[in-house]
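Have a look at the structure below, then the notes.
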Amino acid sequence: MATTAKMFEEPFDADEYIERLAWRTPGGGSKGGAEAFDPKRLLEEFENHIEELKQLDEKIQRRVEKLEHQCQREAKEFAHKVQDLQRSNQIKEAADIIQKLHLIAQELPFDRFADVKAKIASKYHDLERQLIQEFTAAQRRGEIGRMREVAAVLLHFKGYAHCVDVYIKQCQEGAYVRNDVFEDTAVLCQRVNKQVGEVFSSPEAVMAKLIQNIFENKLQAHVREKLDETRHSDVEQYLKNLYDLYTKTTALAAKLSEFNLGSDKHTFLSKLIKNIFSSYLESYIDMEREYLHTRSAVILQRYYDSKNHQKRPIGTGSIQELKERIRQRTNLPLGPSIDTHGETFLSQEVVVNLLQETRHAFERCHRLSDPSDLPKNAFSIFLLLVEHLCVDHIDYALEIGLSAIPSADAKNANLYFLDVVQQANTIFHLFDKQFNDHLMPLISSSPKLTECLHKKKEVIEQMEVKLDTGIDRTLNCMVGQMKHILATEQKKTDFRPEDENNVMIQYTTACSKVCAYVSRQVERVRKSMDGKNVDTVLTELGVRFHRLIHEHLQQYSYSSMGGMLAICDVAEYRRCAKDFRVPLVLQLFDTLHALCNLLVVAPDNLKQVCSGEQLTSLDRNLLHAFVQLRVDYRSARLGRHFS
């Protein structure tokens, strides 16, 4: 049978055990049975069983020894714990005693108890040092309970602050392993915030001291390293770094404000940020303006260099102002016209670059300026944008464009000023968008708003004057070109053909060429302008176009067939006028068409026609002047109808 330790559990009877073993062995029963008694077999069974008992004894012995060792080890550990607890209590007891003695010693006179006071002070400092060492060791072992006990004892000692300093120093060991000091700080403070309440009785004070230590050492050193290396060598990178570091620091402070740092944590954090950045922020706006001025000048100069263009000095002073006023009022081109070869000297790429640099400046200004200085600083940046974009680029291009407009009597002139107008309009929209999107939010609630709006209005009005002058002179050139076409293409015989019965054309060559030219100019105006400006300019062009044709027709005398040709020409002019999409212009040509009917109407019907709907409101002298253009005016005595 299998031998186990359970067989020997109390109560155990050895005789019964042997009898049971013999009985179970075949041929081993003492009373015989089915098999005859076999002593050899019984002996063999006993010997085997004795061997099993020996093995069981060894196994049990090994287990006993293992349990004894375990018991001894646990006994030692228990003894150590008891000793630690005893020692802990002796510390507390000793600390309480030495603390009381130290307080009492403060009241004793020095001359009589100098030696006693010195011994008490020495013991006080020794115990304080031991406690701090014990706290340090416990922190390294991660024993929160022991740290809490020692910190509670040290709370009444002068060295408690040093204990906090040790804790703060050891917390930061190995904490900065990433390249991002701000993320490391956030992770560190999150971890410490969970632990500090389990160790110290005033966790908010310890957290505040930790954060102050990090800001005044780790972060300040990081900021100084990043900024000082570029402050004088690379202003652009310096400004980018300053913006980036300040943004990250304020974002970190926002995260840290979620912790309990005392009653006025926002003021506390703001002061820490100010201590780091104050020396940099004091000079920020001056460096921003200097950089923006230099950078904008470089952008402009590179553009003009790429065009192989040497900027012309734009005159200033009383003489130049007088010329400008004369030019605006008389439309005379004072000074020689220059050939720009179709170049507008306006670049959308330049504009985008200038606006982008300014947008970055506005963003930095918003972040880095003191709230009380923000509107003033933003306005100073806006003035630089006005100087470089509006004056140095747009206004300069307008001046060049005006100088390039030919005189009104120039032949086949290329009118590039409309291209200047088109690009200037596009730039104005971009300028206005940045004004609204990036400047307005910075000044909308300050007195600087009025000043900014006034400056913007002043700049735009000055440019609009030049645009209006250029457009007016361009329209004069267009009319001059029409006049040139009429002068070279229109013949007197067009309206007094030699053979009245053999006229095969629908309208004259002069009319055809003028209409083709006008249609091209109308299309150019539509492409160059937008909104109401299109209607305004086309109205002015249409009125001048009508006046030219009206005056042109009055230079000729008309036969009956010639009058019909004049009517055909005016009908074609009227068809061309429809392209203007301006009711006034179409009405003018409708009236002119009605006037031309006076050139062909039968003498007896003249009075009736003059009284028609379209002519009845016109001055009779005007009607008479048209009738006088007929070749039969004297022979048919047509003047009597106007006497």
Side-chain angles (χ1 to χ4, degrees), residues 226-246 280-281 283-316 338 340-341 343-369 376-401 403 419-420 423-424 426-435 437-439 442 452 455-456 459-460 462-463 466:
K226 289 289 185 181
L227 295 182
D228 288 357
E229 66 183 4
T230 58
R231 189 169 192 172
H232 302 292
S233 60
D234 188 345
V235 178
E236 179 182 12
Q237 190 60 48
Y238 168 79
L239 291 172
K240 289 179 179 178
N241 288 347
L242 178 59
Y243 175 80
D244 182 61
L245 290 168
Y246 190 83
Y280 303 105
L281 297 182
S283 60
Y284 155 69
I285 194 60
D286 293 333
M287 297 189 73
E288 184 72 80
R289 283 198 299 259
E290 180 182 354
Y291 165 73
L292 186 59
H293 173 76
T294 303
R295 177 62 178 160
S296 299
V298 168
I299 291 172
L300 288 170
Q301 191 57 50
R302 284 178 180 171
Y303 167 71
Y304 295 119
D305 289 346
S306 71
K307 298 294 181 181
N308 293 320
H309 175 74
Q310 182 68 37
K311 285 193 74 173
R312 300 175 60 203
I314 303 299
T316 57
I338 64 172
T340 62
H341 303 287
E343 178 60 60
T344 63
F345 292 104
L346 285 174
S347 167
Q348 192 161 340
E349 180 182 356
V350 167
V351 172
V352 169
N353 288 337
L354 290 175
L355 291 176
Q356 186 177 30
E357 291 291 345
T358 309
R359 177 172 62 82
H360 291 325
F362 280 137
E363 290 172 350
R364 289 191 290 263
C365 176
H366 188 195
R367 175 70 67 182
L368 302 175
S369 294
K376 176 185 66 176
N377 292 348
F379 181 64
S380 68
I381 292 173
F382 172 67
L383 291 180
L384 286 172
L385 177 63
V386 169
E387 175 187 347
H388 293 99
L389 175 62
C390 299
V391 178
D392 291 348
H393 193 54
I394 304 177
D395 189 68
Y396 177 75
L398 293 178
E399 286 287 347
I400 296 296
S403 301
D419 296 331
V420 176
Q423 294 187 38
T426 301
I427 294 171
F428 279 146
H429 287 309
L430 295 174
F431 172 76
D432 194 53
K433 178 173 175 55
Q434 180 159 98
F435 184 91
D437 293 351
H438 296 99
L439 177 60
L442 309 184
C452 281
K455 184 63 178 179
K456 177 188 173 186
V459 168
I460 291 178
Q462 289 175 354
M463 293 188 182
K466 293 182 179 180

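As the structure is a prediction and not an experimental result, all values here were calculated from the model.
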Name the one of Val350, Thr358, Ile299, Ile394 that satisfies side chain to side chain contact (heavy atoms under 4.5 Å, CB included) with Leu389?
-> Ile394

Taking the six-membered ring where the residue is Trp, are the ring centres of His360 and Tyr243 under 6.0 Å apart?
-> no

So, Arg295 and Glu236, do they make that salt bridge, N to O below 4.0 Å?
-> no

Strictly by modelled atom types, are Tyr291 and Glu357 linked by a side-chain donor-acceptor pair under 3.5 Å?
-> yes

Thr344 and Gln423: side-chain donor and acceptor closer than 3.5 Å?
-> yes

When rounded to the nearest 0.5 angstrom, what is the spacing between OH in Tyr280 and CG in Asp228?
-> 4.0 Å

Salt-bridge present (Arg359, Glu363; N to O < 4.0 Å) | yes

Verify side chain to side chain contact (heavy atoms under 4.5 Å, CB included) between Arg231 and Ser283, making sure each step is shown before the conclusion.
-> CA-CA 11 Å; Arg231 189 169 192 172; Ser283 60; 3.1 Å; yes

Under 3.5 Å, side chain of Gln434 to main-chain N/O of Leu355, donor-acceptor pair present?
-> yes

Is there a side chain to side chain contact (heavy atoms under 4.5 Å, CB included) between Leu384 and Ser296 once you walk through the steps?
-> CA-CA 9 Å; Leu384 286 172; Ser296 299; over 6 Å; no

Establish, for the pair Lys455 and Phe382, whether the NZ or CZ atom is under 6.0 angstrom from the six-membered ring centre and no further than 45 degrees off its axis.
-> no

Decide if atom CD of Glu290 counts as having more than 12 heavy atoms of other residues, nucleotides or ligands within a radius under 6.0 Å.
-> no

Please lay out, stage by stage, how Glu399 and Asp395 fare under the test side chain to side chain contact (heavy atoms under 4.5 Å, CB included).
-> CA-CA 6 Å; Glu399 286 287 347; Asp395 189 68; 4.2 Å; yes

Report the C-alpha separation of Leu242 and Tyr238 in whole Å, then their side-chain angles, then the decisive distance to 0.1 Å, and conclude whether the side chain to side chain contact (heavy atoms under 4.5 Å, CB included) test is met.
-> CA-CA 6 Å; Leu242 178 59; Tyr238 168 79; 4.2 Å; yes

Should we count NZ of Lys226 as having more than 12 external heavy atoms under 6.0 Å?
-> no

Would a distance-only check, ignoring hydrogens and angles, find a side-chain to backbone donor-acceptor pair under 3.5 Å from Asn353 to Glu349?
-> yes

Kindly say whether Asp392 contributes a backbone atom to a donor-acceptor pair with the side chain of Lys311 at under 3.5 angstrom?
-> yes

Check whether any side-chain N or O of His293 sits under 3.5 Å from a backbone N or O of His388 as a donor-acceptor pair, and report yes or no.
-> no

Is the number of heavy atoms from other residues, nucleotides or ligands under 6.0 Å of Gln348 CD greater than 12?
-> no

Look at the rings of Phe345 and Tyr304 and say which category their plane angle falls in: under 30° parallel, 30 to 60° tilted, over 60° perpendicular.
-> tilted

Can you tell me if Tyr284 uses its side chain to pair, donor with acceptor, with the backbone of Cys365 under 3.5 Å?
-> yes

